[in-house]
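Here is the structure we will look at.
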Amino acid sequence: MSKTASPLVGIVMGSDGDWPKIKAAAAALDEFGVGYEVRVMSAHRAPEVVRQYASTAIERGLKVIIAAAGGAAHLAGVVASHTTLPVVGIPVATDVAGGLDSLLSTVQMPGDVPVAAVAAGGGGPRNAGLLAVQIIALADPALQEKLVAFKRKLVDKIADKDAALRNSLHVENK
Ligand code: RP5
């Protein structure tokens, strides 16, 4: 449902092979009921498609674009060059030091063209989704409330882990 109903977030990636590595971004949007669309496009192999997509994103109602790419990861930067929407870059994990190539290509933008880059691998893709939710929530009080509840649950989750670990250590030490 989130994929089609008035998408507010565009998730674009350089290759279909990126999807399994970054789909946690979409899952985070699903969690908060934020609509999104998903596209494969390449800054290098189909630059005109990227230009067209990014330069019409605002008029199509998008509020944030999440752009994922690996290796010479220029997609987020090129998208950012064609729109005033906030762009969140996901450096796709690779076998080069876990995605250091992607991370540097995504994050080392020149001044005047910002890309908010998340971590390569680990919680990075999920954080990209959450960051998009937080940006959209600035103008959506109901979504903001969901984020406040989410933060509260994080505290509870850590308290439970703390109690469980301390309890297990206490049992072991007996
Ligand atoms: C990047 O090159 C893509 O984002 C992908 O991570 C990487 C390899 O793409 P394929 O050659 O597998 O299509 O543009």
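Both ligands and their constituent atoms are indexed starting at 1 by order of listing. Residue indices begin at 1 and follow the sequence shown.
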Contacting atoms of ligand 1, where contact means under 4.0 angstrom from a heavy atom of S15: 3 (C), 4 (O), 5 (C), 9 (O), 10 (P), 12 (O), 13 (O)
Sub-4.0 Å atoms of ligand 1 with respect to non-hydrogen atoms of G14: 3 (C), 4 (O)
CG (D112) with more than 12 external heavy atoms under 6.0 Å: no
S102 (side chain) donor-acceptor with A93 (main chain) under 3.5 angstrom: no
From CE (M109) to OG (S81), nearest 0.5 Å: 7.0 Å
Sub-4.0 Å atoms of ligand 1 with respect to non-hydrogen atoms of A69: 4 (O)
H44-ligand 1 polar pair, N/O distance under 3.5 Å: no
Any N/O pair G70/ligand 1 closer than 3.5 Å: yes
Minimum non-hydrogen distance to atom 6 (O) of ligand 1, winning option of D18, V12, D101, I22: D18
Y53 and E48 side chains, donor-acceptor separation under 3.5 Å: no
Residue part near ligand 1, for R45, under 4.0 Å between non-hydrogen atoms: side chain
Heavy-atom protein neighbour under 4.0 angstrom from atom 3 (C) of ligand 1: yes
Over 12 non-hydrogen atoms of neighbours within 6.0 angstrom of NZ in K63: no
Test item: D18 side-chain N/O and G14 main-chain N/O as donor-acceptor pair under 3.5 Å: yes
